[in-house]
Amino acid sequence: MDTPMKLVVVGAAGRMGKTLIKLISETEGLVLHAAVERAGSAALGQDAGELAGVPKLGVAVTDDPLAAFLHADGVIDFTTPASTVEFAALAAQARIVHVIGTTGCLPEHEAKIDAAARHARVVKSGNMSLGVNLLSVLIKQAARALDAAGWDIEVLEMHHKHKVDAPSGTALLLGEAAAEGRGISLADHSVRVRDGHTGPREQGSIGFATLRGGSVIGEHQVLFASEGELITLSHSATDRSLFARGALKAATWARDKKPGRYTMLDVLGLNSTP
Ligand code: NAD
């Protein structure tokens, strides 16, 4: 039998960090090796278990990722783009698994993560849930079947009021799936904001609408609108542990893979779906 996988949670005091610590403590075959927070965080020195609302785990929250990654098998990272890039370099040095849920990464962050993936096994996805990844496959198929002349694609999302990036990583992932289905680049066809006298809708564009408020964990709809009919494909997340479960599944999946960059479609075996 495999030895337990030793995982580091970075962003340990965050919404996802606490959810991950709790789930790791409850999952056979996984152990919390270290918990990392930013310098100055009020959580430093606290027991990670207590922080996450479970019994003590004997792991004090630290702000030293270098020491934390030593002898670990993997890092689970739901933090910020700037810190994710730093963790990617350290995970590459340590040649371990790096599961990245952080959203809002810009092309320069992605390039650094690509470089790190020459040595680390990186799984990165804007959404770690089975449901959203399956939905992305369905959206790709629908976008391929419904031509741009007759069907307009719009992506609508709502999240809690603390979320700092927009559109959400999930909305972008779903938009990418639609663009792939159409054989176009999302960057060249997306409309992120509409305000004022915008003129009529440009054919073939993929529009995004962002709502923020309350404690909503994640609501997404992709609409295909035509003359006289509307198709809506949607996903609702009602519990954050959904993303944590997906991230832990990704970590165990990547454990024996070659260095490289993977997505949840690889983890879930959905990548071969046309
Ligand atoms: P959060 O703000 O509650 O938590 C982020 C934590 O990271 C904070 O505690 C912060 O102090 C910590 N942090 C920041 N810089 C750090 C550093 N250099 N070292 C260590 N810790 C550091 O946010 P959240 O709601 O947990 O979300 C975190 C990220 O995950 C966001 O980008 C969010 O969009 C994304 N997210 C992705 C998925 C997915 O399935 N891919 C799901 C939920 C959230």
Side-chain angles (χ1 to χ4, degrees), residues 8-23 34-46 48 51-53 59-69 75-91 98-106 109-110 112-113 122-136 157-174 176 210 212 214-220 235-251 262-265 267-268:
V8 179
V9 172
V10 292
R15 278 174 287 270
M16 283 303 302
K18 287 192 272 198
T19 311
L20 283 157
I21 291 168
K22 178 170 187 293
L23 200 62
V36 178
E37 254 300 330
R38 63 180 164 73
S41 162
L44 294 181
Q46 274 186 52
L51 180 68
V59 174
V61 178
T62 170
D63 61 358
D64 182 356
L66 189 64
F69 289 16
V75 179
I76 316 285
D77 178 354
F78 287 72
T79 57
T80 63
S83 33
T84 289
V85 163
E86 285 175 31
F87 296 138
L90 294 175
H98 188 191
V99 176
I100 304 175
T102 307
T103 59
C105 290
L106 300 171
H109 300 122
E110 297 291 353
K112 289 183 178 152
I113 295 167
V122 176
V123 183
K124 181 173 186 290
S125 178
N127 194 298
M128 298 282 172
S129 79
L130 170 62
V132 160
N133 283 280
L134 179 63
L135 186 69
S136 75
E157 59 112 333
M158 179 159 188
H159 280 86
H160 55 86
K161 61 185 173 192
H162 305 289
K163 185 162 178 62
V164 294
D165 54 316
S168 71
T170 305
L172 293 170
L173 180 158
L174 298 175
E176 281 288 356
T210 300
R212 292 285 175 263
S215 59
V216 175
I217 291 179
E219 296 287 320
H220 292 87
H235 181 267
S236 296
T238 52
D239 184 345
R240 238 170 226 110
S241 64
L242 175 78
F243 309 126
R245 273 200 304 279
L248 298 185
K249 190 183 176 98
Y262 303 95
T263 70
M264 280 309 281
L265 292 177
V267 175
L268 298 168

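Indexing begins at 1, ligand by ligand and atom by atom, following the structure's order. Along the sequence shown, residues are numbered consecutively beginning with 1.
Nearest to atom 3 (O) of ligand 1 by heavy-atom distance, out of Lys124, His160, Arg15, is Arg15.
Under a 4.0 Å criterion applied to the non-hydrogen atoms of Phe87, ligand 1 contributes the atoms 17 (C), 19 (N), 20 (C). Counting atoms of ligand 1 from 1 in the listed order, those under 4.0 Å from a heavy atom of Met16 are 26 (O), 43 (C), 44 (C). Taking a cut-off of under 4.0 Å to the non-hydrogen atoms of Asn127, the atoms of ligand 1 that pass are 39 (C), 40 (O), 41 (N). Each of the atoms 7 (O), 28 (C), 29 (C), 31 (C), 32 (O) of ligand 1 lies under 4.0 Å from some heavy atom of Thr79. Set against the non-hydrogen atoms of Ser125, the atoms of ligand 1 under 4.0 Å away are 41 (N).
What sits closest to atom 28 (C) of ligand 1 on the protein, heavy atoms only, is Phe78 O, 3.4 Å. Here the protein heavy atom with the shortest distance to atom 35 (C) of ligand 1 is Gly101 O, 3.5 Å. Looking from atom 40 (O) of ligand 1 to the surrounding protein, the closest heavy atom is Met128 N, 3.0 Å. Counting protein heavy atoms only, atom 4 (O) of ligand 1 is closest to Gly14 CA, 3.2 Å. From the protein, the heavy atom lying nearest to atom 15 (N) of ligand 1 is Ser83 OG, 3.4 Å. Closest to atom 11 (O) of ligand 1 among all protein heavy atoms lies Glu37 OE1, 2.7 Å. Among all protein heavy atoms, the one lying closest to atom 34 (O) of ligand 1 is Thr103 OG1, 2.6 Å. Nearest protein heavy-atom contact of atom 21 (N) of ligand 1 is Arg38 N, 3.3 Å.
Counting heavy-atom neighbours within 6.0 Å of Lys163 NZ, excluding the residue itself, gives a total above 12.
For the atom pair CD of Gln46 and CD of Glu37, the computed distance is 10.0 Å after rounding to the nearest 0.5 Å. Taking CE of Met158 as the start and OG of Ser168 as the end, the distance is 12.5 Å to the nearest 0.5 Å. Here the CG atom belonging to Asn133 is positioned 6.0 Å from the CG atom belonging to Leu173, to the nearest 0.5 angstrom. In this structure, CG in Leu51 is found 8.0 Å from OG in Ser41, a value given to the nearest 0.5 Å. Asp77 contributes atom CG, which lies 8.5 Å from atom CD1 of Ile113 (distance to the nearest 0.5 angstrom).
Under 4.0 Å from ligand 1, the heavy atoms of Phe243 that appear belong solely to its side chain.
Any N or O atom pair closer than 3.5 Å counts here, and Val10 shares no such pair with ligand 1.
The shortest heavy-atom distance from Ala13 to ligand 1 is under 4.0 Å. Ligand 1 has Lys163 within reach: a non-hydrogen atom of the residue lies less than 4.0 Å from it. Heavy-atom distances between Gly169 and ligand 1 stay at or above 4.0 Å for every pair.
Judged purely by distance below 3.5 Å, without hydrogens or angles, the side chains of Ser241 and Thr19 never pair a donor atom with an acceptor atom. Side chain to side chain, Thr62 and Asp64 fail the donor-acceptor criterion of an N or O pair below 3.5 Å.
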Show your reasoning for whether side chain to side chain contact (heavy atoms under 4.5 Å, CB included) applies to Val75 and Phe69.
-> CA-CA 8 Å; Val75 179; Phe69 289 16; 3.6 Å; yes

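When side chains are defined from C-beta on, Leu265 counts as touching Ser136, because their heavy atoms get closer than 4.5 Å.
In terms of heavy-atom proximity, Ala60 sits nearest to Gly45 at CB-O, 3.9 Å.
Listed for the Ser215 side chain is no donor-acceptor partner under 3.5 Å among the backbone atoms of His160.
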